[in-house]
Amino acid sequence: MDPIYQFVDDVIEAKRGTFTDIADDIWDHPETRFEEHWSAERLACALEAEGFSVERNAGNIKTAFVASFGSGLPVIALLGEYDALAGLSQCSGEDSPNPLVEDANGHGCGHNLLGSAAFAGAVAVKNWLEQSGAKGTVRFYGCPGEEGGSGKTFMVREGLFDDVDAAITWHPEAYAGMFSTSSLANIQVAYRFNGIAAHAANSPHLGRSALDAVTLMTTGSNFLNEHIIEKARVHYAITNAGGISPNVVQAQAEVLYLIRAPEMAQAQHIFERINKIAEGAALMTETTVNVRFDKACSNYLPNRNLEAVMYQALQALGLPEWNEEELAFAKKIRATLTENDLQNSLNNIANTSNEEGKAFARRHRETLLIDEIAPYAANDKILPGSTDVGDVSWKVPVAQCFSPCFTVGTPLHTWQLVSQGRTSIAHKGMLHAGKVMAATALQLFTQPQTLEACQSELHAQLAERPYQCPIPAGVTPSPLK
Ligand SMILES: Nc1ccc(C(=O)N[C@@H](CCC(=O)O)C(=O)O)cc1
């Protein structure tokens, strides 16, 4: 093995307990967006213990932080997330739905692994900087609120990436490969209707229903769905239905919209049309509407030069080996998944490349834990989902890989994923991701011409399509409530 790959492998294996303990501790403390106080502090303290200097409350976001080691250029960032999802509490290592705590949060997107692997990668890079005496800075970005919060977009707006040369990250998955597609830009916005309360039997004619307004607004936007571009998606959640009493005309109600499209300008255009629907609903019901911009994130801009470096590291480092016990557990999890779950997951893998991707997906229909790295090809596809890594990718070159932490076919945001996120399978995938990230970073420290090529690629794109942060000044990160 190339000495750099061997180096990161050795450092991360030597401290594997430190990294898996953090991942498990964060799994044990699932916190939703912008309330990840315990998780952020766990990582920040661990980074300090490894010799990093930590700036807490980064960009004035309480659960964001930046940890640095080294000095001078280049500045290479590893991005770590640690937020959980509401309502996904689940016991670890089980093969049936069984909440650990009723109605509590759970790590349904594997972000307990995401941040911990970036930490492992940062520690390996730090050790290399120390031993080699090379110039340069490694930073761990503690990025809160990815799920519905666009934490990184706020961090970009606050200038936290202004002096960064490149950023590297990953996402836990059921396979190993590259995030080679774009993603959907989105805007999240809350519409709050105000009406007049009244006795629903005695004086309904005196009441003006905010719930009626929400109902009419969602009806309107459901009709709109047929008249927007095909790749756009408009979803909503009724976050306040006005109360639980049918004999009261509901005076207040709120609906939260998530508007997605391949390009931010397209999402903004749909947003303007949704605003008209809100005004129409208010007009029909004689209520008033207050519009609160919640957050937004940009589509992801792949950097082909940096992806190639990361894919090389992925291939050089190979895949984790799975033991009998892990395969037996994966088999039990697989039994809980439907044929549609499996097909959707395989389609997602196929989507990250071209014909070879489809063949790969066909080859792995029966595979329980992945034993082959997915093919990589630059492509023009779009992941039907969003990520706030998008905004970082318009600021600095970014590459992100997937590492195998779950049974093939496991959908994100499910109890099956939570159940697997604290097992040796997840640990192996996480350590693997840490190594790939560190190895990618070290290529940038040792090959200035590669870093330059990544930056030229981004600058050429920005010359054609300049970046503007999609979150207006004055909008601040909002917790889930
Ligand atoms: N590699 C991945 C990156 C992001 C996601 C994801 O589920 N993101 C949320 C983000 C939601 C948001 O931006 O508000 C989504 O698309 O609903 C899934 C896989």
Side-chain angles (χ1 to χ4, degrees), residues 32-34 79-88 106-111 113-115 117-118 143-156 168-190 231-237 239 256-262 264 267 271 293-302 307 310 344-345 347-349 351-352 374 381-393 398-406 410-414 417-418 421 429 433 437 469-471 475 477-480:
T32 55
R33 68 180 200 232
F34 303 120
L79 312 180
E81 299 170 11
Y82 32 80
D83 59 326
L85 288 152
L88 274 179
H107 270 287
C109 210
H111 296 180
L113 306 166
L114 209 164
C143 304
E146 191 276 333
E147 297 289 355
S150 290
K152 294 182 202 70
T153 313
F154 285 102
M155 292 172 83
V156 168
I168 297 161
T169 190
W170 76 297
H171 201 283
E173 255 297 352
Y175 62 99
M178 293 303 300
F179 192 127
S180 57
T181 61
S182 185
S183 63
L184 295 171
N186 75 36
I187 298 174
Q188 188 157 275
V189 53
K231 288 204 165 86
R233 273 162 159 57
V234 175
H235 343 278
Y236 58 83
T239 46
L256 183 65
Y257 271 79
L258 179 55
I259 303 159
R260 314 199 202 219
M264 181 46 73
F271 173 36
F293 194 105
D294 186 59
K295 68 97 184 172
C297 68
S298 301
N299 54 325
Y300 178 66
L301 210 56
E307 274 174 4
M310 196 172 206
N344 193 61
S345 173
N347 288 349
N348 283 336
I349 304 180
N351 212 18
T352 62
K381 295 177 193 165
I382 303 167
L383 170 93
S386 309
T387 166
D388 57 5
V389 180
D391 292 276
V392 183
S393 75
V398 178
Q400 33 183 356
C401 69
F402 295 114
S403 274
C405 301
F406 317 111
T410 308
L412 302 177
H413 301 195
T414 57
L417 193 133
V418 184
M437 280 189 282
C469 181
I471 303 180
V475 174
S478 60
L480 200 54

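Read the numbers this way: they start at 1 and go in the same order the structure lists the ligands and their atoms. One-based numbering along the sequence shown. All figures in this text were calculated on a predicted structure; none of them were measured in a lab.
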List ligand 1 atoms under 4.0 Å from [X], heavy atoms only on the residue side.
X	result
F179	1 (N)
K295	12 (C), 13 (O), 14 (O)
E146	4 (C), 8 (N), 10 (C)
G385	16 (O)

Next item on the list: Check whether any side-chain N or O of S393 sits under 3.5 Å from a backbone N or O of L301 as a donor-acceptor pair, and report yes or no.
Entry: yes

Margin query: Between W170 (side chain only) and L114 (backbone N and O only), is there a donor and an acceptor less than 3.5 Å apart?
Written below: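 Yes, W170 side chain to L114 backbone: donor-acceptor pair under 3.5 Å.
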
Notebook entry, point to check: Looking at side-chain heavy atoms only, is the closest gap between V156 and V392 below 4.5 Å?
Noted result: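 Heavy-atom side-chain distance check passes, below 4.5 Å.
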
Next item on the list: Decide yes or no for C143 and M155: does some side-chain heavy atom of the first lie under 4.5 Å from some side-chain heavy atom of the second?
Entry: yes

Next item on the list: Give yes or no for whether the N/O distance cutoff of 3.5 Å, strictly under, is met between S386 and ligand 1.
Entry: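 It does: an N or O of S386 is found under 3.5 Å from an N or O of ligand 1.
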
Check: Which of the listed options, Q400, E147, R260, holds the heavy atom that is closest to atom 15 (C) of ligand 1?
Finding: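 Among Q400, E147, R260, the closest heavy atom to atom 15 (C) of ligand 1 comes from R260.
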
Next item on the list: Measure from atom 3 (C) of ligand 1 to every heavy atom in H235, R33, H171 and give the option owning the shortest one.
Entry: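 Checking each option, the heavy atom nearest atom 3 (C) of ligand 1 is found in H171.
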
Where does [X] meet ligand 1, judged by heavy-atom distances below 4.0 Å: at the side chain, the backbone, both, or neither?
X	value
N186	side chain
L412	side chain
E81	neither
H413	side chain

Next item on the list: Mind running side chain to side chain contact (heavy atoms under 4.5 Å, CB included) on E147 and C109 for me, showing each step along the way?
Entry: CA-CA 9 Å; E147 297 289 355; C109 210; 3.2 Å; yes

Note to self: If we check side-chain contact (heavy atoms from CB on, under 4.5 Å) with P470, which of these qualifies: S150, C297, S298?
What the structure shows: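 Exactly one option meets the side-chain contact (heavy atoms from CB on, under 4.5 Å) with P470, and it is S298.
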
Notebook entry, point to check: Can E173 be said to touch ligand 1, with heavy atoms closer than 4.0 Å?
Noted result: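 Contact check E173 vs ligand 1: negative.
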
Margin query: Centroid separation under 6.0 Å, is that true for the rings of F179 and Y300?
Written below: yes

Notebook entry, point to check: With a 4.0 Å cut-off, would you call E81 and K152 a salt bridge?
Noted result: yes

Checklist line | Shortest protein heavy-atom distance from atom 11 (C) of ligand 1, along with the residue and atom involved | finding: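 Looking at atom 11 (C) of ligand 1, the protein heavy atom closest to it is G148 N, 3.9 Å.
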
